[in-house]
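Read through the structure below, which is laid out as structure tokens, and then see the notes.
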Amino acid sequence: MSSTTIAPSQSPSRRLVTTPGESVLSAGRTPRSLWSNAWRQFRRNRMAMVGVVYLIFLTLVAIFAPAIAPHNPVESNVGEAGQYRQAAWTTDPNPLKTGTWDYPLGTDGIGRDVFSRLVYGTRISLVVGFIPLAVILAIGVPVGLAAGFLGGRVDTVLMRLTDIVYAFPALLFFIIVQISLGDSWFGSLLNGLVLLFVTLSVINWTGVARLVRGDTLSLKEKEFVEAARAGGANGWRIIARHILPNALGPIIVASAFIVPGAIIAEAVLSFLGIGVRPSPNLDNPFPSSWGQMIQEGYQLWQSQPWMLVGPALAIALITLAFTFVGDGLRDALDPREQI
Amino acid sequence: MVEFLLRRVLYVIPVIVTVTAVTFFLMYRAPGGPWSSDKPLPASTERALNAKFGLDKPLWINPGAVTAERDAGENNPFVLGRALFDSQFFNYLFGVARLDFGPSYASKGAESVQSEIAERFPISLKIGLVGIVFALLVGVPLGIISALRQNTWIDHLSLFISTLGISVPTFVTGLLLVILMSRGFGISPVRRPDAWDGFGSAYLLPGIVLGLGTMAYMARLTRSSMLEIKRQDYVRTARAKGLANGIVVNRHMLRNALIPIITIVGPAAADLVTGSIIIETIFNAPGLGREFVESIGKRDYSMIMGTAIFYAVLIAFANVLVDLSYGFVDPRIRVRR
């Protein structure tokens, strides 16, 4: 029986050459696991690999920002940096507005280097993307497993809760929470990042829970779960060894779309002037946010568009990279759903 | 079917109550009251104002009013019950049920929130309409062509456009487009206020920018569902019996491929709502979205609260409509429960 389970993965021509029986196994290539198969397919997706490389690059930029940024991102040096110095390749009749390679992307309204602010802004975007994700998975996956596997009251409560969360547009909830709690002591923790982590997690965990619930519901009817149960496995073992590993693919794919969503939410809130408050303090690890840079640039877009273009492109590129990675992951891990 | 419809509509009620409660509680906690300004009001004036708008009542329930009524010799349980719920929250909730969102404290002459919504929302609706029409007219054909010419340059191009559209947020594309338009073509995106009366060309650009994300999503969805249907047996049968290509595409493939499009109307409604907040600010359109942003700046809490609840109700009903429409479009998913 064991030989026939491997046979379909072999090419028909090879099967013709070999004699039936045990030799089929030895002649075939070594069987690959689901994960190594997925990794092979993911690696072949060029756009997804570009996305991964770009995200690794951004992570390095975020970590080594002090070494990369040519200037202090919050120090204004109007005397030398000029007010609204333009990007390096532009010239202006006013020498204080002419671009210089000291300030490659120009400076903003109070003489801060736009490029350095962009470099440091990577930090907030990455942190806002990944920390809530960890919380969301830590809550959503167990609740989804419980709801799907046990059903009953947990399931009912979860479904009602997701109904409500679905009806409440996430952005509106973020805005209201920011207005309500943004000025409290809790809202000021870590430049307001902690409050943002909490709100992002509160809204998003239900989506993950619902996804995991759906997968669990269908997986627990499968033959291999029945077989495991017949073999005497208890509930915990079935969840840990049979259901969770099979539900992992969709969870990973969903994660790749949660992160850019969080990054966009942060940027939108900052654009509205109620988001994370980057510190003007020179030694704060989070001195600038792309969303806030867009907001500052938006006020002056007619005269200083370069202040806006840099951070806008930065957000466009990071979300694009995540979409490429997410699409690649979906093709590799979740072949059922291909949008 | 009727039972399901009824249940689904009644379902909206707890959703709205919860959304109202969460919003109300959060906004109650927000710093500063409706009367706080640079010049503090005299205490007596503030008390009078609070009494006028019912802000001196307890937050959740009002047992004091019950005892007062009972002392006055009232025994009717309905009157006593009404007195118990004569609180800030329940009065607001009952108001919401009557579409009365209270006065807008920051606006001059204490205009009501609902009259403000009634005035501003049509503009948002028109922008949203342009957006959804654009999304349908461009997204669906793009997806169809993509699927019929799979793996050609046109497929790759449309995939690239739609990937860009779903990943890059509306406000980034909006801002970049505004800069491109004004720098590259000398077209100012900011219109005179009277340009928004009626249904003129002012709505074109904000509508398209608003619809970009939905358009991209529709293109991807149409493409994938067309690709799936291309491999179905009934399509092969239709081709085998010698039907013309146009008939196979129109009658056999398109009809079935378009069913999933309905599924995204709900999320699209939410997307258009939140998108309008940003787009109307960028294009200076006097719709409800920009009003919402302005009320954030003015800390006009009743306006923020009213608008948020209004949007949530809108989206809850959009979701119900989507659920109901499945059964009408696809007889295979007739609802029984």
Side-chain angles (χ1 to χ4, degrees), chain A residues 47 51 160-161 163-184 187 257 260-261 263-265 267-268 271-274 290-291 294-295 297-298 301-302 305-306 308-309 311-324 326-327 337-339, chain B residues 11-12 14-16 18-19 22-23 25-32 163-164 166-173 175-176 178-179 182-183 188 217 220-221 223-225 227-228 260 266-267 270-271 273-274 277-278 281-282 292-293 296-297 299 301 304-305 307-308 311-313 315-317 319:
Chain A
M47 295 320 266
R160 294 303 82 85
L161 211 62
D163 275 343
I164 292 162
V165 172
Y166 275 18
F168 211 159
L171 183 62
L172 292 181
F173 181 72
F174 297 152
I175 289 173
I176 286 167
V177 169
Q178 289 294 332
I179 292 170
S180 166
L181 302 170
D183 292 330
S184 67
F257 291 99
I263 291 173
I264 293 171
V268 170
F271 176 70
L272 295 176
I274 49 173
W290 290 345
I294 290 182
Q295 190 224 358
Y298 170 67
W301 70 268
Q302 272 158 319
W306 64 91
L308 184 59
V309 172
L313 284 180
I315 288 179
L317 285 180
I318 197 173
T319 49
L320 202 59
F322 272 109
T323 308
F324 284 149
D327 282 352
E337 195 172 343
Q338 280 180 351
I339 294 179
Chain B
Y11 231 49
V12 173
V15 171
I16 293 172
T18 319
V19 167
V22 169
T23 315
F25 176 70
L26 282 170
M27 293 311 286
Y28 186 82
R29 273 206 73 310
T163 308
L164 216 62
I166 60 159
S167 51
V168 181
T170 321
F171 82 112
V172 168
T173 38
L175 286 169
L176 290 177
V178 164
I179 291 183
S182 67
R183 290 266 146 166
S188 169
Y217 201 66
R220 277 169 71 117
L221 203 65
R223 177 179 181 272
S224 67
S225 90
L227 284 180
E228 199 186 310
D271 252 23
V273 163
T274 47
I277 295 173
I278 308 289
T281 307
I282 294 175
F292 186 64
V293 174
I296 292 170
R299 302 264 149 169
Y301 292 154
I304 298 172
M305 203 152 70
T307 315
Y311 279 147
V313 171
I315 288 166
F317 275 107
N319 285 332

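This structure is a prediction, so every number in the text was calculated from the model and none was measured.
Of the listed residues A:I318, A:I175, A:L317, the one with more heavy-atom pairs under 4.5 angstrom with chain B than any other is A:I175. If you tally non-hydrogen atom pairs under 4.5 Å between each of B:L175, B:L227, B:T170, B:V22 and chain A, the highest count goes to B:L175. Ranked by heavy-atom pairs shorter than 4.5 Å toward chain B, the options A:P260, A:A267, A:G273 are led by A:A267.
With a 4.5 Å cut-off on non-hydrogen atoms, A:L308 touches chain B through its side chain but not through its backbone. Residue contact with chain A, scored on non-hydrogen atoms closer than 4.5 Å, involves the backbone and the side chain of B:L26 alike. In this structure, chain A has a heavy atom under 4.5 Å from the side chain of B:F292, while its backbone stays farther away. Contacts between B:T18 and chain A at a heavy-atom distance below 4.5 Å involve the side chain alone, from C-beta outward. Within the 4.5 angstrom heavy-atom criterion, no atom of A:F322 approaches chain B. Residue B:V12 does not touch chain A at all, counting heavy-atom pairs closer than 4.5 Å. Residue B:I16 does not touch chain A at all, counting heavy-atom pairs closer than 4.5 Å.
Residues A:V268 and B:P169 are not in side-chain contact: their nearest non-hydrogen atoms beyond the backbone lie 4.5 Å or more apart. Contact check for B:T23 versus A:L172: no side-chain heavy atoms found under the 4.5 Å cut-off. Contact check for B:I278 versus A:L272: side-chain heavy atoms found under the 4.5 Å cut-off. Here the side chains of B:V168 and A:T323 are not in contact, with every heavy-atom distance at 4.5 Å or above.
Atom-to-atom distance recorded for B:M27:CE and A:I179:CD1 is 5.0 Å, nearest 0.5 angstrom. B:I277 CD1 to A:L171 CG: the interatomic distance, rounded to the nearest 0.5 Å, is 5.0 Å.
When each of A:I264, A:I315, A:L313 is checked for a side chain to side chain contact (heavy atoms under 4.5 Å, CB included) with B:V172, only A:I315 meets the rule.
Around the CZ atom of A:F257, the shell of radius 6.0 Å holds more than 12 heavy atoms that belong to other residues, nucleotides or ligands.
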